Colleague: 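One structure coming up, written as structure tokens, with questions to follow.
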Amino acid sequence: DGNNVKLMVHSIGPSLIKHEVERLGQKGFRSDNAKKMEVSGQGYGLYNVKRIADLIQAKVSFNPELKILCHSGGIPQSNFTVKLILHETL
């Protein structure tokens with residue numbers, strides 16, 4: 001769309017279970033598979049993305065794929081996309 005700027009970030013990370021998808025962006029949420037990884041986290045990453053998007057009046061969506069691509073350390077991994085849409089006037 002000519003009036004918006006779209007920013008998309010794609011990554012591969014721990015797979016989500018279907019019922020976890022609705023919790024993405026909630027403060028402190030980490031999926032069960034993310035908790036099994038050696039990498040620590042507090043569940044603030046996507047929460048902060050959502051907060052910043054709200055502050056700048058941008059639209060944000062989290063789009064995890066439930067299809068497992070591979071395993072890393074015994075933990076299933078899938079594609080994940082974050083899409084941020086900003087109005088061109090910012």
Side-chain angles (χ1 to χ4, degrees):
D1 179 67
N3 296 323
N4 297 317
V5 176
K6 294 178 185 176
L7 172 67
M8 295 178 73
V9 178
H10 301 278
S11 69
I12 297 174
S15 296
L16 292 162
I17 300 167
K18 192 173 186 176
H19 73 273
E20 295 176 319
V21 173
E22 65 189 38
R23 297 196 56 207
L24 290 172
Q26 289 181 359
K27 185 177 183 179
F29 173 72
R30 293 186 76 215
S31 71
D32 288 341
N33 283 324
K35 291 176 189 175
K36 294 175 187 174
M37 297 185 67
E38 291 180 17
V39 177
S40 64
Q42 300 297 315
Y44 288 106
L46 296 180
Y47 168 72
N48 284 325
V49 168
K50 188 175 175 185
R51 286 181 59 209
I52 292 167
D54 289 345
L55 287 171
I56 62 173
Q57 299 177 352
K59 180 179 176 185
V60 66
S61 62
F62 306 120
N63 303 296
E65 291 184 13
L66 300 178
K67 178 183 174 187
I68 296 171
L69 296 175
C70 60
H71 286 76
S72 177
I75 299 167
Q77 306 288 307
S78 299
N79 282 319
F80 187 83
T81 303
V82 175
K83 181 165 60 170
L84 191 67
I85 300 176
L86 302 127
H87 295 288
E88 195 174 80
T89 55
L90 290 176

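For clarity, every value in this text was computed on a predicted model and none was experimentally measured.
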Colleague: For His19, enumerate each residue passing the side chain to side chain donor-acceptor pair (under 3.5 Å) test, keeping only those at least two apart in sequence or located in another chain.
Modeller: none
Colleague: Using residues 45-55 as the side-chain source, report each donor-acceptor pair under 3.5 Å to any protein atom, sequence neighbours left out, with the distance given to one decimal.
Modeller:
{"unit_1": "Asn48", "atom_1": "OD1", "unit_2": "Arg51", "atom_2": "NH1", "d": "3.3"}
{"unit_1": "Asn48", "atom_1": "ND2", "unit_2": "Tyr44", "atom_2": "O", "d": "3.1"}

Colleague: Other than Ile17, what residues sit in its cluster of Ile, Leu, Val, Met, Phe, Trp and Tyr side chains whose heavy atoms are under 4.5 Å apart, directly or through others?
Modeller: none
Colleague: What distance do Lys6 atom NZ and Ile85 atom CD1 have between them, rounded to the nearest 0.5 Å?
Modeller: 5.5 Å
Colleague: Between Arg30 and Lys35, which heavy-atom pair has the shortest distance, and what is it?
Modeller: O-CE, 3.2 Å
Colleague: State, to 0.1 Å, how close His87 and Gln57 come at their nearest heavy-atom pair, and which atoms those are.
Modeller: CD2-O, 3.6 Å
Colleague: Should Phe62 and Leu16 be marked as a side chain to side chain contact (heavy atoms under 4.5 Å, CB included) after you check the CA-CA gap, both sets of side-chain angles, and the distance that decides it?
Modeller: CA-CA 12 Å; Phe62 306 120; Leu16 292 162; over 6 Å; no
Colleague: With ILVMFWY side chains joined below 4.5 Å, transitively, what does Met37's cluster contain besides itself?
Modeller: Ile75
Colleague: Quick one: side chain to side chain donor-acceptor pair (under 3.5 Å) partners of Ser72, sequence neighbours excluded?
Modeller: none
Colleague: Does Gln26 have any side chain to side chain contact (heavy atoms under 4.5 Å, CB included) partners at least two apart in sequence or in another chain, and if so, which?
Modeller: Arg23, Phe29
Colleague: Verify the distance criterion only: is there a donor paired with an acceptor across the side chains of Asn63 and Ser61 at less than 3.5 Å?
Modeller: yes
Colleague: Holding to side chain to side chain donor-acceptor pair (under 3.5 Å), I want the full list of residues that pass it with Ser78, two or more places apart in sequence or in another chain.
Modeller: Ser15
Colleague: Tell me whether Leu66 shares a hydrophobic cluster with Ile68, the cluster being built from Ile, Leu, Val, Met, Phe, Trp, Tyr side chains joined at under 4.5 Å.
Modeller: no
Colleague: Can you measure from CD (Glu22) to CD (Glu20) and round to the nearest 0.5 angstrom?
Modeller: 10.0 Å
Colleague: Go through the structure and list residues passing side chain to side chain contact (heavy atoms under 4.5 Å, CB included) with Leu69, not counting sequence neighbours.
Modeller: Ile12, Asn79
Colleague: State the NZ-CG distance between Lys59 and Leu86, to the nearest 0.5 angstrom.
Modeller: 12.5 Å
